[in-house]
Participant: 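Before I ask anything, here is the structure I am working with.
Below, all heavy atoms of this structure are taken into account, side chains as well, without hydrogens, waters or symmetry copies.
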Amino acid sequence: MATSKAPEERLKKYKSQGKEMSLQRQQRIASSLQLRKTRKDEQALKGRNIGSFSSDVVSQAPVKEFSWQANFTVDDIIQGVNSSDTILCFRATQAAREMLSQENNPPLNLIIEAGIIPKLVDFLEATPYPKLQLEAAWVLTIIASGTSEQTGAVVKGGAIQPLIELLHSPHLTVSEQAVCALGNIAGDCAEFRDDVISNNAIPHLINLISKNIPITLLRNITWTLSKLCQNKDSYPCEDAVRQMLPTLCELLLHHDNEILTDTCWALSYLTEGGKEYIHHVVTTGILPRLVELMTVLELSVLIPCLYTMGNIVAGTDEQTQMAIDAGMLKVLGQVLKHPSSSIQVLAAWTMSNLATGPRHQVEQLISCNLLPALVDLLRNAELKVQKEVVYTVANIATQASQCQLTLLAHSGILEPMLSLLTAPDMEVVIVVLDVISYLLQIDNLQEKKRLCFQIEEVAGFEKIESLLHHHNTLISNSALDIMEKYLCEDEDVDSLPGTGLKE
């Protein structure tokens, strides 16, 4: 569910009349934050390694065999990395890497406490010995994939600048391992991300990209750029965003799904930053491509693409209109019909953000025949999807014109929404009651009588009346408010000429 707020907090945007739309959009951004935080925890495996040697790394000296290499202890590693023998330094560093590469509980703290990180950083600068550079970068990459304290040990050891310099290595495998290490560091926290940025890593990363770049290296560069866009505590500086966006736009045109996935995640991180960051993204002309990617079958691409679009339409009305003009509404209906409930949630969340816009944008939503897709989800989807759809309908009703309220009442949403009054989620019940209350504000008495009949026909008022003594005061008060309106208005409409409806 796209919220970390209590129901009372989230419902303020429906109950507070006359608030500016920008505030509603800000609330939507805030209420969607937990969804993305949850997704990040699930999606982002922080650690990244290239995992094998490349033929472009050639030892500059014959490698001597040591019968005790496979049984290196930490003391052996300490002795080896402090040796004046380059071959022994290489073997000890390789042993450290093998020790840390074990799947279960790698002894990261043991290696850190051995105090060898400064020596590993020194090895990064051993240009005549690329295999030693590679092994040292690899060990640092693994350590930086650990906890924040473990990543911090790599940063405090002074690794960032030497790793950036390694991006210019003539050996691509060495450069690629440095890319991975920098991504692990940047992905840990905003402080370390900003340290990587302030050391001017972005231009060096971008300069690695060429027409003939190996696909694995390009994937890792894209992944690291996405980590430089991440914003656990704060957003990257706008200068860094401006540096990265042209490259991200180019990467978004790539055919490789892994590259598309990380590029879309990068854009989703940036567009979380509000209207200024959204402005940087949408003014690149990237929106038509994002709309195109909303039609892809690959979930790893579609999910971050939807996050990005949902963030954009949570921006200003002008930014939302840019997304609409790019054709977003034309494909959103198909996305709502996706068989995956996770995609349905994201599509409904995106639409609920869009539905907080002015009436002419709501009218465009209705004109694209999206209401039937919402009705279908209310009838058949999982509760987590229905919950987002309920918010979408509530956002539409909040700002709707009388004509739009009437269209909403005639769209078929009433029966499935009233069925949700028995849902186990109190937040859903509260918002459904709000929608009914908004619909009862229809001015036309004939339409109001028709609406009341529709509610009565599915025992809606009985369901509402049963909530009068609910333990949640928001629910009981909302139910009471509706029943009072209904009983009062029922007396008013009784004096109207017959409408041909069953009494």
Participant: Can a side-chain donor-acceptor contact be found between Glu238 and His280 if the only test is distance below 3.5 angstrom?
Facilitator: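 His280 vs Glu238: donor-acceptor pair found between side chains.
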Participant: Does the pair Asp262/Arg219 count as a salt bridge with the N-to-O cut at 4.0 Å?
Facilitator: no
Participant: Looking only at the side chains, is there a donor atom on one of Thr73 and Asp76 sitting less than 3.5 Å from an acceptor on the other?
Facilitator: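 There is such a pair between these side chains.
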Participant: When rounded to the nearest 0.5 angstrom, what distance separates OG1 in Thr316 from NZ in Lys275?
Facilitator: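 Thr316 OG1 to Lys275 NZ: 7.5 Å, rounded to 0.5 Å.
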Participant: Using a 3.5 Å distance criterion without hydrogens, assess whether the side chain of Arg193 forms a donor-acceptor pair with backbone atoms of Gln230.
Facilitator: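 Checked: pair present.
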Participant: What heavy-atom pair brings Ala373 and Leu336 nearest, and what distance separates the two atoms?
Facilitator: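 Reported closest heavy-atom pair: CB-CD1, 3.9 Å.
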Participant: Take Leu228 and Val196 through the test side-chain contact (heavy atoms from CB on, under 4.5 Å) and record every step on the way to the result.
Facilitator: CA-CA 8 Å; Leu228 291 170; Val196 174; 3.8 Å; yes
Participant: Using side-chain contact (heavy atoms from CB on, under 4.5 Å), reason through Leu299 and His338 one step at a time and then give a plain yes or no.
Facilitator: CA-CA 11 Å; Leu299 291 185; His338 197 281; 3.6 Å; yes
Participant: Check whether the side chains of Glu272 and Asn311 place a donor and an acceptor atom closer than 3.5 Å, and report yes or no.
Facilitator: no
Participant: Please work out which of the three classes, parallel, tilted or perpendicular, describes the rings of Tyr277 and Tyr235, given edges at 30° and 60°.
Facilitator: tilted
Participant: Please walk me through it: do Arg242 and Asp239 pass side-chain contact (heavy atoms from CB on, under 4.5 Å)?
Facilitator: CA-CA 5 Å; Arg242 282 188 285 265; Asp239 284 344; 2.6 Å; yes
Participant: To the nearest 0.5 Å, what is the distance between CD (Gln161) and CG (Asn200)?
Facilitator: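 Spacing of CD (Gln161) from CG (Asn200) equals 8.5 Å.
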Participant: Between Thr308 and Ser268, is any side-chain donor less than 3.5 angstrom from a side-chain acceptor?
Facilitator: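 Per modelled atom types, Thr308 and Ser268 side chains form no pair under 3.5 Å.
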Participant: For Val174, is there any backbone N or O sitting under 3.5 Å from a side-chain donor or acceptor partner on Gln177?
Facilitator: no
Participant: Between Thr263 and Leu248, what is the shortest heavy-atom contact and its length?
Facilitator: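 Result for this residue pair: CG2-O, 3.3 Å.
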Participant: Has Gln344 got a side-chain atom pairing as donor or acceptor with Ala381's backbone, closer than 3.5 angstrom?
Facilitator: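 Side chain of Gln344 to backbone of Ala381, a donor-acceptor pair under 3.5 Å: no, none is there.
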Participant: Within the structure provided, determine whether Leu124 and Leu140 are in side-chain contact (heavy-atom separation under 4.5 Å).
Facilitator: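 The answer is yes, as the side chains (C-beta and beyond) meet within the 4.5 Å cut-off.
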Participant: Using every non-hydrogen atom in the two residues, find where Leu306 and Thr350 come nearest and quote the distance to one decimal.
Facilitator: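 Scanning both residues completely, I find the closest heavy atoms to be O-OG1, 3.5 Å.
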Participant: Once rounded to the nearest 0.5 Å, what's the spacing between atom OG1 of Thr222 and atom CG of Leu218?
Facilitator: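 Separation between the atoms: 4.5 Å.
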Participant: If you compare all heavy atoms of Ile286 against all heavy atoms of Cys249, which two are closest, and at what distance to 0.1 Å?
Facilitator: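 That would be CD1-SG, 3.5 Å.
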Participant: Could you tell me whether the side chain of Thr93 and the main chain of Val81 form a donor-acceptor pair under 3.5 Å?
Facilitator: no
Participant: State whether a side-chain donor-acceptor pair under 3.5 Å links Thr141 with Asn184.
Facilitator: no
Participant: Counting heavy atoms not belonging to Glu298, are there more than 12 under 6.0 Å from its CD?
Facilitator: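 Result for CD/Glu298: enclosed.
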Participant: More than 12 foreign heavy atoms under 6.0 Å from NE2 of His254: is that the case here?
Facilitator: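 Buried by this count: over 12 neighbours within 6.0 Å.
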Participant: Test Leu267 against Leu245 for side-chain contact (heavy atoms from CB on, under 4.5 Å), laying out the working first.
Facilitator: CA-CA 9 Å; Leu267 294 171; Leu245 269 175; 3.9 Å; yes
Participant: Do the non-hydrogen side-chain atoms of Pro214 and Glu176 ever get within less than 4.5 Å of each other?
Facilitator: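 They are not in side-chain contact.
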Participant: What are the two closest non-hydrogen atoms of Val313 and Ala323, and how far apart are they?
Facilitator: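 For Val313 and Ala323, the tightest heavy-atom pair comes out as CG1-CB, 3.8 Å.
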Participant: In Å and rounded to the nearest 0.5 Å, what is the CG to CZ distance from Leu253 to Arg289?
Facilitator: 6.0 Å
Participant: For Tyr391 and Glu427, which I'm curious about, is there any donor-acceptor pair between the side chains at under 3.5 Å?
Facilitator: yes
Participant: Between atom CD1 of Ile78 and atom CD1 of Ile111, what is the distance when rounded to the nearest 0.5 Å?
Facilitator: 8.0 Å
Participant: Under 3.5 Å, is there a donor on one side chain and an acceptor on the other for Asp317 and Gln321?
Facilitator: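 The answer is no; no qualifying pair exists.
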